[in-house]
Structures are given as C-alpha cells and as structure tokens.
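Below, each value reflects all heavy atoms present in this structure, side chains not excepted, and no hydrogens, waters or symmetry copies.
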Amino acid sequence: MIEFALACFFLLITPGPGVLSVAGVGSGFGFKAGFSYLWGLCAGNFAVGMAVATGLAAVLFSIPYLRLILLFASIAYLTYLAGKIAFSGNRVALIAPERSPGFWNGFTLQFINPKAYAVNTALFTGFAFLPSNYALEVALKIAVLNAFWIPIHFLWLGIGVYLKRLNLPDAVQRLINITMAVTMLAVVGLALWAERS
C-alpha cells in the first residue's frame, strides 16, 4: 500500500493536461469556473479509473485505431482549451472567451486524456495488495488516489486563481494565459512524440 501511495504521488505531481488546464482556467476565468472544471476532471478521472479497473478500457483499446482516434481527439480538444485560455479576457479572441470551461469540459478532457489512461492503468493493474478481494482493493486505491489527486489539482487551481487575483496589467495577464496555453500545447507535442516513438 505504501508503494501504491508513493506511485500515486509521483505520477500525479508531474504536470499533465489536467493540472495545466485547471491552472489555466483558474488564471483565465477565476475560481468559480475553475472549481466547476476541476470537479469535471475529477468525475472524468473516476470514469477512466473504473473503465481501467473493470477491463473495459482494455477491451476498447483492442479495437484497431481507437487509441489513435482518442489521441487526436485529445490533441484537438487540448488545442481548443489552450486557445480559450490564451484568449480569455481578449476582445479579439478567435475563440469566444466569454463562456468559461465548466464541468463537462473537464469531464471530456479526462475521458480523452492519454495521461489519465496511462496513470490509471499503472495504478489499477499494478500494486496488487489484496488479491483475494479485488473490489476492496479498487475501493482503497480510489480513496488513496483521490487523497492525492484532489489536493494536487486544487493546488494548481489555486496557483491559477492567485495569478488572476494579482490584478496584473492586462498585457502581463495575457502573457501568463498565453504561457499556460503554450505549456498545454507542449504537452500535446510530447504526446505526439511519444506516440511516434
């Protein structure tokens, strides 16, 4: 169980699409939008975890090209979210910034997020500590996973909201939003590179 908890910490502390996007939503749109978006991420991560734990994800990924379709859907969606964050508060936005990402945006991202599947697969298929009671093991893993997952994502949301509340000049705030968006796109680039390798 200690090894599982350590794996949770190290797998979740590394920035991925979820934490970067929640910080970006907090920075671009504030706490209320970020809170709603974060709970969407949480629900989406739970759905992915259950798909992995029940074997449904393995069945789905055995379908030819589905993994590639999910990867490109993830890339397109992350690019869309990066655009919303980059142009938030900008009146000449190409993507209408007035509607902030909410619960369903977060849920959708986790559902198509390659890192969510990779992390949940590593955690739920490895580190067996109750082989005689798989249901209890999964329940305990969910509890431990969320004991790290939720605070880490709230921390990143808090960082984003703090940057927004600094009431920085518009040009600086725009630069921060664009930097967060570019960072998200860098994650997209890494995902593409990993898929090619």
Side-chain angles (χ1 to χ4, degrees), residues 3-4 7-22 24-25 36-85 95 101-146 148-150 152-153 156 181-197:
E3 292 88 355
F4 175 77
C8 285
F9 176 76
F10 287 113
L11 286 170
L12 295 175
I13 202 70
T14 56
V19 294
L20 291 172
S21 64
V22 81
V25 171
S36 175
Y37 181 79
L38 189 151
W39 287 115
L41 287 175
C42 187
N45 194 59
F46 178 77
V48 169
M50 289 300 89
V52 169
T54 60
L56 179 61
V59 171
L60 290 175
F61 285 130
S62 70
I63 298 170
Y65 303 109
L66 184 60
R67 183 175 170 185
L68 193 60
I69 290 168
L70 279 175
L71 175 69
F72 284 108
S74 175
I75 289 167
Y77 197 67
L78 279 167
T79 303
Y80 166 77
L81 283 177
K84 268 191 102 65
I85 290 165
I95 300 171
F103 178 89
W104 290 110
N105 297 104
F107 184 87
T108 302
L109 174 63
Q110 283 302 85
F111 192 70
I112 59 175
N113 178 358
K115 185 184 177 192
Y117 286 94
V119 167
N120 280 289
T121 298
L123 294 175
F124 283 102
T125 61
F127 306 98
F129 53 86
L130 283 176
S132 60
N133 192 341
Y134 184 67
L136 179 59
E137 179 180 318
V138 168
L140 289 171
K141 284 181 174 181
I142 290 169
V144 172
L145 175 64
N146 283 313
F148 289 104
W149 196 98
I150 292 171
I152 287 169
H153 283 72
W156 280 91
V182 168
T183 305
M184 284 176 59
L185 292 176
V187 170
V188 171
L190 287 172
L192 272 175
W193 181 74
E195 188 65 26
R196 282 191 63 183
S197 303

Taking the side chain as everything from C-beta on, heavy atoms only, tell me whether [X] gets closer than 4.5 Å to [Y].
X	Y	result
Leu56	Met50	no
Leu41	Trp149	yes
Ile142	Phe124	yes
Leu145	Leu12	yes
Leu140	Phe129	yes

Fill in: Those residues that, when tested against Trp104, pass side chain to side chain contact (heavy atoms under 4.5 Å, CB included) (two or more places apart)
Phe107
Discussion item. Does atom CZ (Phe148) have a neighbourhood of more than 12 heavy atoms from anything else shown, all under 6.0 Å?
Written reply: yes
Worksheet item: Going by distance alone, is a donor N or O of one side chain under 3.5 Å from an acceptor N or O of the other, for Asn105 and Tyr77?
Response: yes
Specify the closest pair of heavy atoms between [X] and [Y], including all atoms of both residues, with the distance to one decimal.
X	Y	answer
Val48	Gln110	CG2-O, 3.4 Å
Pro17	Asn113	CG-OD1, 3.6 Å
Val144	Cys8	CG1-SG, 4.3 Å
Ser21	Tyr37	OG-OH, 2.7 Å

Discussion item. Applying side chain to side chain contact (heavy atoms under 4.5 Å, CB included) to Ser36 and Val25, what does each step give before you reach the verdict?
Written reply: CA-CA 10 Å; Ser36 175; Val25 171; over 6 Å; no
Worksheet item: Out of curiosity, Asn146 CG to Asn45 CG, how far, rounded to the nearest 0.5 Å?
Response: 7.0 Å
Worksheet item: If you measure from CD1 on Ile69 to CD1 on Ile112, what distance do you get to the nearest 0.5 Å?
Response: 12.5 Å
Worksheet item: Where do Ile150 and Trp39 land on the side chain to side chain contact (heavy atoms under 4.5 Å, CB included) test, with the steps shown first?
Response: CA-CA 9 Å; Ile150 292 171; Trp39 287 115; 4.1 Å; yes
Is the side chain of [X] donor-acceptor paired with the backbone N or O of [Y] at a distance under 3.5 Å, no angle test?
X	Y	result
Thr121	Ala118	no
Asn120	Ala116	yes
Tyr134	Ala128	no

Item to complete: Carefully, step by step, assess Glu137 and Phe127 under the rule side chain to side chain contact (heavy atoms under 4.5 Å, CB included).
Response: CA-CA 10 Å; Glu137 179 180 318; Phe127 306 98; over 6 Å; no
Worksheet item: Can you say whether the rings of Phe111 and Tyr117 are parallel (under 30°), tilted (30 to 60°) or perpendicular (over 60°)?
Response: perpendicular
